[in-house]
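In what follows, every heavy atom counts, from backbone to side chain, and hydrogens, waters and symmetry copies are set aside. Keep in mind that what you see is a predicted model, and the values were worked out from it rather than measured.
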Amino acid sequence: MILHHLLAITIAIVIDFIIGDPPNWPHPVKWIGSFIAFLDKLLNKGRQLRFKGVMMLGAVLILTALITVFITYLAYYLHPIVGVVMEAIIIASTIAQKGLKDAGLEVMQPLLAKDLPLARKKLSYIVGRDTKDLEESEIVRGTVETIAENTSDGITAPLFWALIGGAPLAMIYRAINTCDSMVGYRNSKYEKFGWASARLDDAANWIPSRITGFLMLFIHKPAYIEKKKAWRELFTDAKKHPSPNSGWGEAAVAILLGVQLGGLNYYKGIASNRARMGEPFEALKADHIQKTIAIMERTILYFLFFLWIGGAVIDLTISWF
């Protein structure tokens, strides 16, 4: 089965690289999001909100697991090739390499044309912060941070879980991540109801985010500092981020590019001062978006290579026992 998962993962990466997520196509994550929204409206009121949030999360994950396991099992029952192809299609729907690249380029292109209003508008589609008054460097920072963070959340994490549990576990991970993105906020509405979703998302991303940050630094040469110092800065800076996981990709990219990420953001007019990561050897500019995309793409290729090695080790271990 590990070999089947690896073949499906490889095909999924190719599918996503070529097709991505066409906006008008049916998409399981959209269906999951609609179910979460329904349960949010139904349960997020009254008392025992933390318990109700656990119920919501459990219902989403159980339904996602049952449907995905049934489809995958049926496909493999028909034929192993059918199973691998179906797994690949499902896994491809859980990753977003092309989507991240396209979103980044859609911000970069108006920046190169000096069209800041359009660049701010495009950035607002992919970040939660206020964008209407941002200058070029801050637009670039928001884009670079988003691509760096989501290299793990949107690509390597679902692939990591796909190696362990195939398409069902990849889709379960995506359901956890979608729950967190919809209800995992620290505000009066979701602090209790979204608690379980946020905590489970932190747990699901803990290993993949660190592997991703390590791999970024392992396969790339930092622009301005020696590798030994870069490793020290990665461990120091990653821990500054308010998220236990997001800092690893952001810190690695900041170190590799020789720029500084983090700083003052506004969310619906409310200031949030994030710790700085990396040293500002260069001022942030539009071409740093393209460089971040290149780091993401190369990291994914090497991540796939190491998945194959890891899969071979798992297979050998299982055969010995």
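Enclosure of atom CZ in Phe218 is not indicated, since only 12 or fewer non-hydrogen atoms of other residues, nucleotides or ligands lie within 6.0 angstrom. Within 6.0 Å of CD1 in Ile81 there are 12 or fewer heavy atoms belonging to other residues, nucleotides or ligands.
With salt bridges taken as basic N to acidic carboxylate O contacts below 4.0 Å, one links Lys101 and Glu297. Ion pairing between a basic and an acidic side chain is recognised when a charged N comes within 4.0 Å of a carboxylate O; Glu279 and Lys229 show such pairing.
Distance check, rounded to the nearest 0.5 Å: NZ of Lys268 to CD1 of Ile270 gives 8.5 Å. The NE2 atom of His5 sits 12.0 Å away from atom CG of Leu307, with the distance rounded to the nearest 0.5 Å. Separation of atoms NZ (Lys98) and CD1 (Ile155) is listed at 12.5 Å; rounding is to 0.5 Å. We find the CG-CZ distance between Leu43 and Phe38 to be 8.0 Å, quoted to the nearest 0.5 Å. Atom CG of Asp202 sits about 12.0 Å away from atom CH2 of Trp206, to the nearest 0.5 Å. The CZ atom of Arg174 sits 8.5 Å away from atom OG of Ser181, with the distance rounded to the nearest 0.5 Å.
Thr143 is not listed as a side-chain neighbour of Met108, based on a closest heavy-atom distance of 4.5 Å or more. A heavy-atom distance below 4.5 Å is not found between the side chains of Arg274 and Met277. Taking the side chain as every heavy atom from C-beta outward, Leu200 and Leu61 approach each other to under 4.5 Å. The side-chain heavy atoms of Ile13 and Leu159, taken from C-beta on, include a pair separated by under 4.5 Å. Put simply, the side chain of Arg129 does not reach to within 4.5 Å of the side chain of Tyr266, judged on heavy atoms. A heavy-atom distance below 4.5 Å is not found between the side chains of Thr68 and Ile172. Here the side chains of Phe281 and Val259 are not in contact, with every heavy-atom distance at 4.5 Å or above. The closest side-chain heavy-atom distance from Ser197 to Ile36 is not below 4.5 Å.
In the hydrophobic clustering of this structure, Leu39 does not group with Leu57; members are Ile, Leu, Val, Met, Phe, Trp, Tyr whose side-chain heavy atoms approach within less than 4.5 Å, directly or through other members. Cluster annotation: Ile176 and Phe35 are assigned to distinct hydrophobic clusters (Ile/Leu/Val/Met/Phe/Trp/Tyr, side-chain heavy-atom contacts under 4.5 Å, transitive). Note on Met171 and Ile15: separate hydrophobic clusters, where clusters join Ile, Leu, Val, Met, Phe, Trp and Tyr whose side-chain heavy atoms are under 4.5 Å apart, directly or indirectly. Placement of Val84 and Met86 in two distinct hydrophobic clusters is found when ILVMFWY residues are connected by side-chain heavy-atom separations under 4.5 Å, directly or transitively. Under the 4.5 Å side-chain heavy-atom criterion for grouping Ile, Leu, Val, Met, Phe, Trp and Tyr, Leu304 is connected to Ile207 within one hydrophobic cluster.
Aromatic ring centroids of Trp248 and Phe214 lie under 6.0 Å apart.
No donor-acceptor contact under 3.5 angstrom links the side chains of Trp161 and Thr94, judged on distance only. For Glu87 and His4, the side-chain atoms include no donor-acceptor pair closer than 3.5 Å. Side-chain atoms of Asn205 and Tyr173 include a donor-acceptor pair closer than 3.5 Å. Glu106 and Tyr125 share no donor-acceptor pair across their side chains, judged by distance under 3.5 Å alone. A donor atom on one side chain and an acceptor atom on the other are found under 3.5 Å apart for Arg141 and Asn265. A donor and an acceptor atom, one from each side chain of Tyr190 and Asn44, are nowhere located under 3.5 Å apart. For the residue pair Thr151/Thr212, the side-chain donor-acceptor check at 3.5 Å is not satisfied. Side chain to side chain, His241 and Glu149 fail the donor-acceptor criterion of an N or O pair below 3.5 Å.
Distance alone, capped at 3.5 Å, is enough to place a donor-acceptor pair between the Glu145 side chain and the Gly262 backbone. For Arg50 (side chain) and Ala196 (main-chain N/O), no donor-acceptor pair under 3.5 Å exists by modelled atom type. No donor-acceptor pair under 3.5 Å is formed between the side chain of Thr72 and the backbone N or O of Val69. Not a single donor-acceptor pair under 3.5 Å links the side chain of Asp180 to the backbone N or O of Asp201. Asn150 places no side-chain N or O within 3.5 Å of a backbone atom of Asp153 that could act as its donor or acceptor partner. Without hydrogens or angle criteria, Lys227 side chain to His220 main chain gives a donor-acceptor distance under 3.5 Å. Without hydrogens or angle criteria, Ser124 side chain to Lys121 main chain gives a donor-acceptor distance under 3.5 Å. In this structure a side-chain-to-backbone donor-acceptor pair under 3.5 Å is missing from His288 to Leu284.
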Could you walk me through whether Glu135 and Arg120 pass the side chain to side chain contact (heavy atoms under 4.5 Å, CB included) test, one step at a time? CA-CA 9 Å; Glu135 295 302 321; Arg120 292 174 186 133; 3.9 Å; yes
Does the pair Phe193 and Phe51 meet the rule for a side chain to side chain contact (heavy atoms under 4.5 Å, CB included), with working shown? CA-CA 8 Å; Phe193 186 74; Phe51 176 70; over 6 Å; no
Taking it one step at a time, do Arg47 and Lys52 satisfy side chain to side chain contact (heavy atoms under 4.5 Å, CB included)? CA-CA 9 Å; Arg47 298 180 179 180; Lys52 291 177 179 178; 5.8 Å; no
Start with the C-alpha gap between His27 and Ser93, add the side-chain angles, then the distance that decides, and say whether side chain to side chain contact (heavy atoms under 4.5 Å, CB included) holds. CA-CA 7 Å; His27 198 289; Ser93 72; 3.9 Å; yes
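The aromatic rings of Tyr73 and Tyr77 lie parallel to each other, their planes meeting at an angle below 30°, with 60° marking the opposite boundary.
Here the closest heavy-atom approach between residue Thr146 and residue Leu100 is recorded as O-CD2, 4.3 Å. Contact detail for Gln97 and Phe17: the closest heavy-atom pair is NE2-CD1, 3.9 Å. Minimum heavy-atom separation, Ala148 to Met216: O-CE, 4.2 Å. Residues Val60 and Ala175 come closest through the heavy atom pair CG1-CB, 4.1 Å. The nearest pair of heavy atoms linking Ala252 to Gly213 is CB-O, 3.8 Å. Considering every non-hydrogen atom in both Leu264 and Ala271, the closest pair reads CD1-CB, 3.9 Å.
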